[in-house]
Each structure stands twice: as C-alpha cells, then as structure tokens.
Student: 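What follows is a single structure, and I will ask about it in a moment.
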Amino acid sequence: MSDASSEKAPAAASFWRDPEKRAWLFQVLVVAVVLALFGYIFQNTLHNLEKRGISTGFAFLNNEAGFGVLMSLIPYDETYTFGRTFLVGLLNTLLVSAIGIVFATLFGFIIGVARLSSNWIISRLAALYIEIFRNLPLLLQILFWYFAILPLLPHPRQSIELGEAVFLNKRGMYLPAPITESGFGWVLAALGVAIVASVFIARWARHRQDTTGQTFPVFWTSLGLIVFLPWLAFGITGFPLSWEYPELRGFNFRGGITVIPELFALALALSIYTAAYIAEIVRSGIQSVSHGQTEAAYALGLKPGQTLRLVIIPQAMRVIIPQLTSQYLNLTKNSSLAPAIGYPDLVALFAGTTLNQTGQAVEIIGITMGVYLTISLSISAFMNWYNKRMALVER
Amino acid sequence: MSENKIHHAPEGLPAVQMQGVHKWYGEFHVLKNINLDVARGERIVICGPSGSGKSTMIRCINRLEEHQKGHIVVDGTELTNDVKNIEIIRREVGMVFQHFNLFPHLTVLENCTLAPIWVRKMPRAEAEEIAMHYLEKVRIPDQANKYPGQLSGGQQQRVAIARSLCMSPRIMLFDEPTSALDPEMIKEVLDTMIELAETGMTMLVVTHEMGFAKTVADRVVFMDGGEIIEVNEPHEFFNNPQHERSQLFLSQILQH
Ligand SMILES: Nc1ncnc2c1ncn2[C@@H]1O[C@H](COP(=O)(O)OP(=O)(O)OP(=O)(O)O)[C@@H](O)[C@H]1O
Ligand SMILES: [Mg+2]
C-alpha cells in the first residue's frame, strides 16, 4: 500500500462521476429528507394535541392507576402508578414469551426429527401437525384453546391430577411452589461449583486429547457432577427446601403457583403454532447437510454418533440458529395477541387499559413500540453477530 | 507415497474377496452374482456404462451399501451386520468420492485430522504432523488453513485423497474421482493417484480415464447391467476385448 501511495494517483474523476462520492451525497440527502419529514409530523402532532387541550409528556406515569390486574409477577394493586402497570405488563409479556420459546423449541425439535423418521406413520403424523398448525391463523388458535378446549376441562373438584402435585382444571393449572429455607444458598453454590468444574474438565479433556489422543467422557462426568454436587449439599444442609402444594379449599385451589387459564391458553397456542415452524426449520437444517457428508464421515470410520456431533450438527446449526432466532422474535411479537383472551400483557395493560384511562395515545403507543423494537433489534443484533461468526468461508 | 505405512498381508490372503454377491434395491436387481478377488497391492480399474452398478459394487466394500446375498471379506474380516466388523473395515478402507465430500465447516488441516483424532485416538500434534506429511505429498501444504470452499476442484480432490491417507488405510476406493473436475484439473489428481499406486497401495478405481487404466491398472473389470462381464489385463482389454458388450462400450468411449 505504501508503495502505491507514493506513485502518482490516477486523475480524480469529477464529483458527479465518482460512484463513491455520489453514494455519499445521496445518503446525506435521504437522511435530511427523513429528518425533515419526522420533524414536520412531530410539530404537527404537538400543535394538534395542544389545540385539543391534551397534555403531553410522561408525567402520567407517576399517577395512580386505580385499576387492578388479573395477574402480576410483582406486588401490584390499584394504588400503584401507571409506571408500575407498564412494568407488570412488560414482565407478563416476557413471561409468556419465555415459556412459549422453551416449549416451542422443545416440541419443534421433537417434531422436526420425527418428520425425518424412517417410520412412515411417525413422519406422516409430524407432517400433519406441521401443515395444520402452520396454516391456521394464530388468533384463531388462541381463541380455540381458550374458548373451545379449556372449558372442556373438568371442574376444580374433578381436576386432572399429576401425582397430587399438579392440577389442571377449567380455572387454570396449579403447580407446587418451592419454599427455600436458610441453607439453600449452599445448594445453589454447589450447582455453581459443579458448572465451573465442568467447564474446567471440558478444557482439561480437550487438552489431554490434543496431547495424548485419549478421549474422556466429558458429557457424562459433567452431568454427574451437576446432578450429584447440589444433591450432596442439599443433603448436608438438611434439605432446606419444602414445597407448598396447591390444596382444594372450597371451590378452588389455594397455595402453590397458579397458572391462570389466559396464560395457559396463550402460552400453549404460541408454543404449538411456533413449534410447527421450528419443526420445518430443524428438518430443513438437517436435510441441508448433504448425504455425502455422512458417507464421507462413515468412510473415514467415524461412528454414527460422532458423525452427527462433529459433522452434521455443526453444519445444520448454521442453518437452524438464525431462523430459530427469527421465530423467537415472531413468537414475542405474536404474544401481543394476548388482549384477545384478556391476558394482561404489555399491549393489554398499557396500550389498552392505561391508554383508555389516560388518553396519552402518542406517548403510550410510542413507548410500547419502543419496547418491541428494542427486543427485536437486540435479537437481530445477536443474529447478525452469530451469522458473521459462523458463516462458511467460501471462495 | 507412504513408504512405511503399507502392511503386507500374509501370503495368499486377498485384500478384498467378493463371492456370489447380490444386491437389490427393492425389486431392482442391481448386483448380480459378483465374484472378484483383489490381491494385496493390486490396482483394479472398474469401468462400464452408466447405471451398470460400479459405484454400488465398491460402496458395498465399506458398507456404504448393504449386500443381501453372498460374502464380502475385506482384509480378513467378513462384512456382516456386526457393527464391530464394519468399524474395523471402515478404518482400513479409504474412499474418495466424485464430489469430494470435504467437510465445509472445517479447515483443510482439520478435515485431515478429524478421523485420526476421533477414530485412531491420536494426539492432535501427531495427527497434524501426519496430515501435513500427506498434504505435502499431494502438493498443497500451503492451503492447510484454508476452508474447502476456498479451493479449486482439483485441490479439493487432492485434499480428499490426503484426508483418506491420514487414516493409513490398506485399501483405497475411488468412485469417479475426476469426473466432476474441469479438464485442466484432471491431470493433477490422476498424477497424485499414480504416485499413490507406485507406493503399492491396493486400489479399486471406478473411472473412465482409459489412459490411467492403461498406465496403472493390473486388471480392468468391465461391468454391465449389474454383472461383471469381463476381467482382463489392460493391454488385452483395450486391444482385444473378449465380449461383445466390452467391444461396444470401448468403441463408444473411444469415439469421444
Ligand atoms: N438408492 C438407490 N435406490 C434405487 N436404485 C438405485 C439406488 N442407487 C442406485 N440405484 C440404481 O442402481 C443402478 C446402479 O447404480 P450405480 O450408481 O451403482 O451405477 P454406476 O455404474 O455407478 O453408474 P454411473 O456411471 O452413472 O455412476 C442404477 O440403475 C441406479 O439407478
Ligand atoms: Mg457411479
């Protein structure tokens, strides 16, 4: 480079003919136009609101809400502020999205692998599942579970039970709640130690394999540690954990964790719907790795398990992960259908009730959009980073 | 090529024995009564029209395809449903494919060390040393840290050959190793194979490169319709084919 710069540069093209300078100019123009447009809309809105006597700003967030909500992860009643309502809604949105993501991933992988099964019936059933749930509108599915299926569940007295701990009836699902006593910190500490130890064992095993060629059962050792150490600590500290079981009192259950039917139906619908897409992603990811890869690995003497782990999965994951993240994104956005069945998510509580009570439409819709945008952009930022890191090097 | 890696078999024990081998794909009888013994160090070229079962036959030798009748004994081990036997045989038999089948997510060096590390339980440093040795033999040591997608077809096929050799196989199978290559790259791959043949490696090569067959092959096997029609030494096969179908096949490929 240094030699080149000392040589005489070719005659510079005139400003209009240099594609780089032209591109730069156009970008500046576009940004200026967009800014002007936004400025105009903003001014106009402020002006109109003022004319109609609607106050602007975010001061309303400190006002008392005056309404209760169906479900809240943090202490809340009608005396709390609208700001608190926002937080309740946000947490409920994150909760249903997280539950949905976990189960959609679980069902999706199982069904995706089933779709590739050599067993004709299993693969057909998986295909049927995928076709049905991908092709019905999600809102309809949410309504289906909430209005058509949940009411078919028995009354609390005839609840479907799982080991006298989990109960399911038309009022929702009831789970035992863990109650930790002093000393439980040790159990968590033991778990932490086990995880750290596993990381070191994995490193050590890798190093040993590099130098001596001997392999070490890292997975099973780590699993053993992660299960055994916390149990040991649990025993030594005298089992500092008890469960509060739901109990039938009067007409319903008391105690334990209550999953309200709205949450149950929404999480179920989101999981089942998204699982159908994830199943397709998993299937196409695995199929995108050509059969020649398996054959080459077998021909080299690798066993089927090693082939899957060292050759197929690393290649399939490159295809699966980016699409998986975009499904997680969709699921989170789709959770905003919650108001249809009255689940108190961010849209229902904030962009719904709070907006109706305060009339601060611009601010509230703005904040709500900002929240979804932040979640979405963080997920796609992660996705871009991942893609860049994992992209196959091509010529 | 690998001067010290060839183990000579006990006298009289063939490297590959196929006796009365049959295979069906559903109703379709793809291999019909295949009988072929390949001696240790012998170079066999297999040719025949498309769909005649050449690939299927050599893929039965390392169990990429299963035969339904007859016996296949590789290096003294019989191929049965026993997974252990299949493992032993695959460790001793290398294979080079028409479309290279390199692992695109691993570098050239990692492609070569994967199996020695996981199958032969070799320390990484030793595996890398061996890999570099064979990459030098196929004349691409400078590409060791590139990914397969960054190489030309001819280079990729040479990496595939090196990758197989890193497992120190006693038998090498080639399934049309040059037919996916541009003409100018065919020679570099054939040269590599000729050098390998000079080391005394047992080779079974499916190819239509008749020049290669003439220089390297000890015997030519001609297949048609799932049967071995003729087994002959190259000179005889090309100048004086015994069967009508061999004659027809030769006249067709010599026109090109
Ligand atoms: N998985 C399969 N299922 C059904 N039929 C198959 C399968 N694989 C191969 N065949 C058939 O078996 C026959 C032999 O195939 P094979 O690939 O062994 O031929 P080949 O001699 O290698 O041909 P080519 O020169 O085109 O590679 C062909 O008719 C082919 O259509
Ligand atoms: Mg073939």
Student: Taking B/Arg158 first and then B/Glu188, would you say they form a salt bridge - that is, a charged N and a carboxylate O separated by under 4.0 Å?
Tutor: yes

Student: For the residue pair A/Phe382 and A/Trp385, does the interplanar ring angle fall in the parallel (under 30°), tilted (30 to 60°) or perpendicular (over 60°) class?
Tutor: tilted

Student: With respect to chain A, which residue among B/Ile89, B/Thr113, B/Thr107, B/Leu102 yields the maximal number of heavy-atom pairs within a distance under 4.5 Å?
Tutor: B/Leu102

Student: For B/Met122, is it the side chain, the backbone, both, or neither that has a heavy atom closer than 4.5 Å to a heavy atom of chain A?
Tutor: backbone

Student: Quick one: does any side-chain atom of B/Asn62 pair with a main-chain N or O of B/Val93 as donor and acceptor, under 3.5 Å?
Tutor: no

Student: Without hydrogens or angle criteria, can the side chains of B/Ser179 and B/Gln98 be said to hold a donor-acceptor pair below 3.5 Å?
Tutor: yes

Student: Less than 4.5 Å to any heavy atom of chain B: does that hold for the side chain of A/Gln306, its backbone, both, or neither?
Tutor: side chain

Student: Using a heavy-atom cutoff of under 4.5 Å, enumerate the residues of residues 78-86 of chain B that contact chain A, numbered in order, or state 'none'.
Tutor: none

Student: Do NZ/NE/NH1/NH2 and the carboxylate oxygens of B/Asp175 and B/Lys54 come within less than 4.0 Å?
Tutor: no

Student: Examine whether an atom of B/Ile117 lies under 4.5 Å from a heavy atom of chain A, and if so say whether it belongs to the side chain, the backbone or both; otherwise answer neither.
Tutor: both

Student: Who among B/Met167, B/Arg120, B/Arg163, B/Lys146 has the most heavy-atom pairs with chain A under 4.5 Å?
Tutor: B/Arg163

Student: Anything in residues 100-132 of chain A with a heavy-atom distance to chain B below 4.5 Å? Please list those residues in order.
Tutor: none

Student: One pair to check against side-chain hydrogen bond (donor to acceptor under 3.5 Å, both in side chains): A/Gln214 and A/Thr212. What are the steps and the verdict?
Tutor: CA-CA 5 Å; A/Gln214 284 164 297; A/Thr212 68; 3.3 Å; yes

Student: Among the options A/Leu302, A/Thr211, A/Thr294, A/Val311, pick out the one with the most heavy-atom pairs lying under 4.5 Å from chain B.
Tutor: A/Val311

Student: Measure distances from B/Phe97 to the heavy atoms of chain A and classify the residue's part below 4.5 Å as side chain, backbone, both or neither.
Tutor: side chain

Student: To the nearest 0.5 Å, tell me how far B/Leu114 CG sits from B/Cys112 SG.
Tutor: 10.0 Å

Student: So, are B/Arg59 and B/Glu66 salt-bridged, with charged N and O less than 4.0 Å apart?
Tutor: no

